[in-house]
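One structure below.
Since the model is a prediction, treat every value here as computed from it, not as a measurement.
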Amino acid sequence: MDFINSLDPFLFQLVILPVVVIGLGIVVSLVTGKIFVGPLVTLLLNLAFETWYFTSYDFDVGLYYSPWNLILPAISLVFCWIVVSVRKQIINVRQADV
């Protein structure tokens with residue numbers, strides 16, 4: 001918790017968090033070979049972070065989910081589609097060479 005508090009909030013919300021949640025979504029999508037798993041993982045990780053953030057700091061507004069929960073999975077979907085498609089093409093080329 002102290003590590004997250006020591007980071008600049010602007011840097012954390014706009015650079016670090018999106019890179020981490022989208023990156024983990026892409027990795028899971030690559031491992032499973034399914035495109036739609038990546039955005040789901042991205043959504044769940046971002047929801048978990050926002051739930052933890054709003055409950056740990058005891059805001060008076062209650063639980064609030066930001067629009068990032070729609071934007072980050074959409075970005076993750078595009079990247080997962082590209083990465084999984086390229087991976088399948090590479091596998092097909094290697095099998096055709098054999």
Do I16 and L24 land in one hydrophobic cluster if side-chain heavy atoms of ILVMFWY residues count as linked below 4.5 Å? yes
Distance, nearest 0.5 Å, that separates NZ of K88 from CD1 of I91: 8.5 Å
V31, V83: one ILVMFWY side-chain cluster at the under-4.5 Å cut-off? no
Does one hydrophobic cluster hold both L77 and V37, with members joined at side-chain heavy-atom distances below 4.5 Å? no
Rounded at 0.5 Å granularity, tell me how far CD1 in I82 sits from CD1 in I35. 10.0 Å
Under 3.5 Å, is there a donor-acceptor pair between the side chain of S29 and the main chain of G25? no
Nearest heavy atoms of C80 and P39, plus distance in Å: SG-CD, 4.2 Å
Any donor-acceptor pair under 3.5 Å linking the side chain of T42 with the backbone of V21? yes
Using the side chain to side chain contact (heavy atoms under 4.5 Å, CB included) rule, take L43 and L72 through it: C-alpha gap first, then chi angles, then the decisive distance, then the call. CA-CA 7 Å; L43 175 65; L72 293 179; over 6 Å; no
Rounding to 0.5 Å, atoms CG (L47) and OG (S66) come to a distance of 9.0 Å
Residues pairing under ring-ring contact (aromatic ring centres under 6.0 Å, His included) where one sits in residues 11-45, two or more places apart or in two chains, turn out to be F12-F49
Which residue pairs pass the ring-ring contact (aromatic ring centres under 6.0 Å, His included) test when at least one of the two sits in residues 70-97, sequence neighbours left out? none
List, by chain and then residue number, the residues other than L70 in its hydrophobic cluster (Ile/Leu/Val/Met/Phe/Trp/Tyr, side-chain heavy atoms under 4.5 Å); write none if there are no others. none
Quick check on the hydrophobic clustering: are L44 and I26 connected, directly or via other members, by side-chain heavy-atom contacts under 4.5 Å? no
So if you build clusters from Ile, Leu, Val, Met, Phe, Trp, Tyr with side-chain heavy-atom gaps below 4.5 Å, do V27 and V19 land together? no
At their closest point, which heavy atom of Y64 faces which heavy atom of E50, and how far apart are they? O-OE1, 3.9 Å
Flag the pair T51 / Y65 as yes when at least one side-chain heavy-atom distance between them is below 4.5 Å, and no otherwise. yes
